[in-house]
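Comments concern the structure below.
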Amino acid sequence: MSSEEQSKPENRARPTTDEFRAFVAEDWAPRTSGATELSEAARYAAERRAAVSAAYEGDRLIIPAGGLKVRSNDTDYVFRPHTAFVHLTGLGGDREPDAVLVMEPCDDGSHEAILYFRPLAGRDSDEFFADARYGEFWVGARPSIEDIETELGLTGRHIDEFADAAVKDSGEVTVRVVRDADRDLTRRLDEARASENTGQDELTESDEELAHFLSHLRLTKDEWEVEEMRKAVEATHHGFEAVIADLPEALAKGRGERWVEGVFGLTARHEGNGVGYDSICAAGDHATTLHWIKNTGEIKDGDLILLDAGVEVDSLFTADITRTLPVNGTFTDAQREIYDAVYAAQEAGLAAVKPGNKFSDVHAAAIRVIAEHLHSWGLLPEGVDVEATLDKEHGQYHRRWMVHGTSHHLGLDVHDCALATREEYMDAELTPGMVLTVEPGLYFKADDLKAPERFRGIGVRIEDDVLVTADGHENLSAGMPRTSSDVEAWIAEVQAR
């Protein structure tokens, strides 16, 4: 098994007799089929597998879903399959822990896709009633092999057959595995694959090449993936409006950051699979901490709250959107001054999103505007102008107030395609079908003595999800207001409903 081992406390054991086993197996209505047709997700997954097959003719490719992780004692974290597994099978949600996709090479150069998984157990088995981790009585029914084959359009087999199939002919066939998907399984495969002529370094290098290819494959989204991104953005829009509507409650109840997190999470769970990443619900000075996910702070009248959150839909594609909102509905002069500077930077970054430009051009456009505003406020050192601070060798003073980049790819992972090389990512040309964020910010910590006193404790970020199109770009989250005046009007309109 690939799942982490749970403790098995004896103090909760129940007696099981042969008589009970026979009785519990009797008189159940026939099960209905769990799948009646090939899923839309599976149709597109088959096309992706074809691209992988063409790149690795003759190799056996192993892509695990991963296993369950113990949260405490005998309870697990909610399962989320590995991204490469999702991308190549079409399975979403919390489907099929311990499953493994194997692309088995065929004589004609193609591959047969085989999913090894734990199918539904019979009602005459102890698993049916006694296994609190996998049993149907405890966690619900799983698909049968026939269900999986119908839904995904590939071959289904029991996970018990995987171990022998994975390493058969391993001395003659190159076997590659996505190593980080299931480290225990990888360790066992390494022991079976190793030989006098193939050491650990060679195995790791071969596997990393596959992981890189699968990550790079996600840089450009197909039409189905783009539609899933639209769904994620729409649900996220609803989540933000739920938060805006409840801001007075967040003020009144206390522990306001937690309240905001909970309100957004309710929408995420209702309209999708859940949140795509831990929501950042950062009020006041907490907004100057880039990844503030503790969400333990109060929200006070006059604060800004920086909400960086995204709904992950059932297919596991996620949005990633940030709005910085005045809690009482109106920006102060200092808040507006910073906000408008960030908005101008985002506008410059958005304008750079078009085919032919490099990914890095987006950051370059946005950060120049950030540097111009910092210079105009007199925050750069004496004698340092905009060009001097933008110098990558001897400048970069502006990064004190915006240390992060402006963009990242987005999709199944919130920071998608992470294994692409710098040449394939930062230095790559933007092409239609890419989805990326544009998210400049300015962060003036409360104890930053180089910042004007009126700016201290204010953090602002504006982030949108953008699709590169043939003639430029489409801001998928354009329906969520961005200018300071439009944000104020948005808050008023939502709270008046």
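Hydrogens, waters and symmetry mates are skipped; everything else that's a heavy atom, side chains included, is used.
- Side-chain contact between Leu476 and Leu467: present, with at least one pair of heavy atoms (C-beta onward) separated by less than 4.5 Å.
- Counting heavy atoms from C-beta outward, Thr406 and Val438 have side chains that approach closer than 4.5 Å.
- Two rings, from Phe117 and Phe162, have their centers 6.0 Å or more apart.
- A salt bridge does not link Lys445 with Asp285: none of the charged nitrogens is closer than 4.0 Å to a carboxylate oxygen.
- Annotation: Trp28 is in aromatic contact with Phe128 [ring centroid separation under 6.0 Å].
- Counted by atom type alone, Thr186 and Arg179 present zero donor-acceptor pairs between their side chains at under 3.5 Å.
- Looking at heavy atoms from C-beta onward, Asp131 lies out of side-chain contact with Asp126 at the 4.5 angstrom threshold.
- With no hydrogens or angles considered, no side-chain donor-acceptor pair links Glu37 and Thr150 at under 3.5 Å.
- A donor-acceptor contact under 3.5 angstrom links the side chains of Gln200 and Thr204, judged on distance only.
- Counting heavy atoms from C-beta on, the side chains of Leu436 and Phe359 come closer than 4.5 Å.
- Every residue meeting the side chain to side chain contact (heavy atoms under 4.5 Å, CB included) condition with His87, not counting sequence neighbours, appears here in chain and number order: Arg48, Leu217, Arg218, Glu225, Leu412.
- Across all non-hydrogen atoms, the minimal contact from His111 to Cys106 is C-SG, 3.8 Å.
- For an aromatic pair to be called close, the ring centres must be under 6.0 Å apart, and His158 with Tyr116 fails this.
- Between Trp490 and His237, the ring planes are perpendicular. Angles over 60° get that label, and only those under 30° would be called parallel.
- With hydrogens and angles ignored, the 3.5 Å screen pairs a side-chain donor or acceptor of His82 with a backbone N or O of Ala84.
- Using a 4.5 Å heavy-atom cutoff, the side chains of Val260 and Asn295 are not in contact.
- The shortest distance between side-chain heavy atoms of Ile305 and Thr324 does not fall below 4.5 Å.
- The side-chain heavy atoms of Arg323 and Asp464, taken from C-beta on, include a pair separated by under 4.5 Å.
- Using a 4.5 Å heavy-atom threshold, the side chains of Leu316 and Asp314 count as separate.
- In this structure, Arg118 is positioned above the aromatic face of Tyr134, its NZ or CZ under 6.0 Å from the six-membered ring centre and within 45° of the axis.
- Ring geometry for Tyr44 versus Trp224: interplanar angle under 30°, hence parallel rather than tilted (30 to 60°).
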